[in-house]
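Remember, it's a predicted structure, so these values are computed and weren't measured experimentally. The figures here come from the full heavy-atom set of this structure, side chains too, leaving out hydrogens, waters and symmetry mates. Heads up: numbering here begins at 1 and tracks the sequence.
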Amino acid sequence: MKRLNFLFLAIILFNNVSFSQKRVISYPLDYSKNFLEKKEYTSLFLQDNSTMNFMLILKDNKKVEYVLFDDKFKIKSKIAPEDGFKNTIFNEDDADYLGGVAKDGVFRCVYKVTDKKFLGSSTYYKTEVINFVMKLIKTEPLFEITKNESLLISFGEFGQYFSITASDSNNELKLYGMEADGKNFITSLHIAIPATSKKKKITDYLEKIKLISTTEEPGLELAKEKVKLFHTPSHISIMVNEGDDPTQIYTINKSDFSITHQSIDHSFFTKDEKGSSYINSFLFNDMVASLILNKKNIRIALYDKTGNLKKVHVINDNTDMSAFAQSPVSTERRGKKTSENDITEAKKVIKSLDKGSEAITISTDKKGRLIITVGTHDPVQVSGGGGSYGTRHTNVALNSTSTNVGPNSYETTYYRPGSSSYSKYGANNYKSLQFKLMIDPVTLNLMKGLAPASVADQIKDYIAEVDTKAQAKNQFQLNGKEYYGYYLTEDKIYVVEEIFIRK
């Protein structure tokens with residue numbers, strides 16, 4: 001009953017604020033198309049971290065506008081080519097925005113460009129430079145990738161852009177990057193695959209790698225993947241879990257591109273647990289949290305980044321779950337509709353988690369206490385939808401100048417600014433079981449108290465309310481606040497609203 005009362009109060013509070021979102025931009029825009037054309041209303045986002053200004057690229061079937069806003073949402077500059085797409089990246093057959101960098105009013109956007117031909121196609125990676133100081137737009141070639149490389153992941157954050165490829169011939173990673181001022185760099189790194197791994201090729205070993213952005217509240221939908229990339233302003237860390245083998249962490253120092261390898265061996269297994277357990281880990285600052293599951297119990301092991309075990313919390317059939325920051329709950333969400341069921345027996349939680357889609361995340365609340373979320377996350381297929389969100393299957397070599405392809409087809413993930421994990425396809429349609437623990441950051445002991453409201457859930461609730469009328473959508477963060485941009489067809493304006501977040 002207490003839980004029901006709490007949920008009822010939360011619903012009332014949300015409803016009271018959901019209709020009082022602060023509109024910060026109302027930009028007049030007449031998106032147009034020919035009568036028989038399919039609508040191609042698009043908005044793209046990129047921030048200049050040096051000035052805190054940001055750019056919106058607003059495109060329809062015939063024209064494009066590049067609009068620069070300051071951090072107060074005032075228009076600083078605008079470029080609207082009179083000849084449509086002629087001298088822009090959008091004059092290409094197909095240009096897919098991946099992100100970019102910006103500095104002092106010069107924005108460099110990275111695109112995957114497909115040149116369609118009568119008997120095939122070629123794929124290139126190019127940069128469109130939007131210079132608001134000189135009022136110029138130009139397109140430049142970017143990197144060229146050899147045919148024996150496979151693109152694993154592309155992302156841009158903290159004033160840098162990266163595309164990471166892998167080569168099976170020498171178990172090597174290659175980082176193709178761009179600094180905020182447009183300077184390009186390429187570096188190669190060797191990855192040592194553990195002898196215990198069943199995967200001998202690096203493309204298999206790092207398959208389905210997912211970015212965990214430190215600018216977002218971590219979610220189970222990404223954390224459940226066994227290969228994760230954690231990106232900070234100073235480091236790139238790749239974490240790999242395979243069965244109940246030791247957790248592997250490869251940390252790349254971005255200042256000199258040196259790489260270190262750390263193996264965390266979960267050595268407290270009993271003999272009968274080895275080989276029948278599953279491990280998934282998560283990196284947060286200098287702490288590693290590992291979720292260790294088998295049919296008998298749940299262990300949450302906390303390590304420092306060097307692999308020293310600091311604390312183990314065990315959940316078994318006899319665990320009193322009343323001390324949890326959020327009791328176990330099973331959730332099914334389909335757009336606006338959400339159903340929840342409390343789970344009161346620990347053995348049911350253990351049974352539900354022991355199915356291979358386990359995940360663990362760490363975040364902090366406003367008081368600095370650690371919030372550990374444990375659970376599962378499985379997408380729910382909805383009518384009219386298809387495929388997985390945020391990923392593309394490709395076997396075309398990055399920036400190739402011909403139809404050169406990699407040795408196999410791998411799942412490649414692109415992360416672009418203005419497209420948060422909360423707003424991707426499928427984010428609002430899933431089944432999940434989860435619970436939360438509150439941990440003292442010094443002693444690592446359990447603390448009593450309620451976990452804060454999920455930022456992800458609040459954003460998803462907001463998007464579900466406006467999504468039916470939204471075109472050319474963007475969901476992004478500025479100065480620690482969350483925003484949503486979309487086009488109102490009838491009003492002919494592009495709006496950006498601040499999403500009120502309870503913490």
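With contacts defined as side-chain heavy-atom distances shorter than 4.5 Å, the pair M438/L450 does not qualify. Counting only heavy atoms from C-beta outward, the side chains of M55 and I130 approach each other to under 4.5 Å. With a 4.5 Å cut-off on side-chain heavy atoms, I25 and R23 do not count as touching. Within the 4.5 Å cutoff, the side chain of Y124 has no heavy atoms near those of the L142 side chain. The shortest side-chain heavy-atom distance between T214 and F230 does not fall under the 4.5 Å cut-off. Residues V64 and L58 form no side-chain contact, since every pair of their non-hydrogen atoms from C-beta on lies 4.5 Å or further apart. Annotation: side chain of I362 is in contact with side chain of M287 (closest heavy-atom distance under 4.5 Å). With a 4.5 Å cut-off on side-chain heavy atoms, E217 and S454 count as touching.
Applying side chain to side chain contact (heavy atoms under 4.5 Å, CB included) to I236 and the options L211, T251, L175 leaves one that passes, L175. Here the rule is side chain to side chain contact (heavy atoms under 4.5 Å, CB included) with L152, and of I238, V227, L206 only L206 fits it. Shown are L68, V129, N131, I137; of these, the side chain to side chain contact (heavy atoms under 4.5 Å, CB included) with F107 is made only by L68. When the options K473, E497, Q471 are evaluated for a side-chain hydrogen bond (donor to acceptor under 3.5 Å, both in side chains) with Y486, the one that passes is E497.
T146 and E149 share a side-chain donor-acceptor pair at under 3.5 Å. Side-chain N/O atoms of Q477 and S420 include no donor and acceptor closer than 3.5 Å. Side-chain contact, E482 with Y462: no donor N or O sits under 3.5 Å from an acceptor N or O. For N341 and S330, the side-chain atoms include no donor-acceptor pair closer than 3.5 Å. Side-chain N/O atoms of E332 and T338 include no donor and acceptor closer than 3.5 Å. Using a 3.5 Å distance cut-off with no hydrogens or angles, the side chains of K337 and N429 do not pair a donor with an acceptor. Side-chain contact check for E128 and Y97: no donor-acceptor pair (N or O, by modelled atom type) lies under 3.5 Å.
Applying the salt bridge (Lys or Arg N to Asp or Glu O under 4.0 Å) test to D83 and every residue at least two apart in sequence or in another chain returns nothing. E92 is linked by a side-chain contact (heavy atoms from CB on, under 4.5 Å) to I89, V113, K126, counting only residues two or more places apart in sequence or in another chain. Under the side-chain contact (heavy atoms from CB on, under 4.5 Å) criterion, E179 pairs with Q160, D181, K183, F185, sequence neighbours left out.
The closest donor-acceptor contact from the side chain of S432 to the backbone of T376 lies under 3.5 Å. Put simply, the side chain of K59 never gets that close to the backbone of S43: no donor and acceptor are under 3.5 Å apart. With T203 contributing its side chain and S167 its backbone, the two residues share no donor-acceptor pair below 3.5 Å. Here the side chain of N280 pairs a donor or acceptor atom with the backbone of K224 at under 3.5 angstrom.
One distance of note links OG of S77 with OH of Y66; it measures 13.0 Å at 0.5 Å rounding. Taking CD of Q458 as the start and CZ of F500 as the end, the distance is 8.5 Å to the nearest 0.5 Å. Taken from CD1 in I499 to CD1 in I463, the straight-line distance is 5.5 Å, to the nearest 0.5 Å. In this structure, M52 CE and L478 CG are separated by 7.0 Å, a value rounded to the nearest 0.5 Å. The line from CD of Q434 to OG of S352 is 13.0 Å long, rounded to the nearest 0.5 Å. L222 CG to L229 CG: the interatomic distance, rounded to the nearest 0.5 Å, is 11.5 Å.
Of the charged side-chain nitrogens involved, at least one lies within less than 4.0 Å of a carboxylate oxygen, so that R369 and D365 count as a salt-bridged pair. In this structure, K431 does not pair ionically with D378, as no charged nitrogen and carboxylate oxygen lie closer than 4.0 Å. At a threshold of 4.0 Å, the pair K62-D30 does not count as salt-bridged, since none of the basic side-chain nitrogens sits closer than that to a carboxylate oxygen. Taking the charged nitrogens against the carboxylate oxygens, E358 and K226 do have a contact shorter than 4.0 Å, which makes a salt bridge. Taking 4.0 Å as the cut-off between side-chain N and carboxylate O, E65 and K63 do not count as a salt-bridged pair.
For Y483 and F73, the distance between ring centers is under 6.0 angstrom. Taking the centre of each ring, Y487 and Y494 stay at or above the 6.0 Å mark. A centroid separation of 6.0 Å or more is found between the aromatic rings of F284 and F282. Between Y176 and F162, the ring center distance fails the sub-6.0 Å criterion. Aromatic rings from F69 and F45 are positioned such that their centres are separated by 6.0 Å or more.
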For a side-chain contact (heavy atoms from CB on, under 4.5 Å) check, start with the C-alpha distance between I202 and L173, then their side-chain angles and the critical distance, and finish with the verdict. CA-CA 8 Å; I202 191 171; L173 291 185; 3.8 Å; yes

With side-chain contact (heavy atoms from CB on, under 4.5 Å) as the criterion, how do V329 and Q326 come out once you've worked through the C-alpha distance, each side chain's angles and the decisive distance to 0.1 Å? CA-CA 8 Å; V329 59; Q326 176 190 299; 3.4 Å; yes

Pair Y161-Y415, ring-ring contact (aromatic ring centres under 6.0 Å, His included): steps then yes or no: CA-CA 10 Å; Y161 175 85; Y415 295 87; over 10 Å; no

T51 and D48: CA distance, side-chain angles, deciding distance, side chain to side chain donor-acceptor pair (under 3.5 Å) verdict: CA-CA 6 Å; T51 62; D48 181 346; 3.2 Å; yes

Would you sort out whether F90 and I57 count as a side-chain contact (heavy atoms from CB on, under 4.5 Å), showing the intermediate values? CA-CA 11 Å; F90 304 108; I57 301 177; 4.1 Å; yes

Let me see the working for V496 and F476 under side-chain contact (heavy atoms from CB on, under 4.5 Å), right down to the final yes or no. CA-CA 10 Å; V496 176; F476 54 89; 3.9 Å; yes

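Taking each heavy atom of Y111 and L44 in turn, the nearest pair found is OH-CD1, 3.6 Å. Residues S237 and L283 approach most closely at CB-CD2, 3.6 Å, considering heavy atoms.
Within 6.0 Å of atom CE in M134, 12 or fewer heavy atoms from other residues, nucleotides or ligands are found, so the atom counts as exposed in its surroundings. With a 6.0 Å radius and a threshold of 12 heavy atoms from other residues, nucleotides or ligands, K135 has its NZ atom above the threshold.
Taking the centre and axis of the six-membered ring of F132, the NZ or CZ atom of K76 falls outside the cone set by 45° and 6.0 Å.
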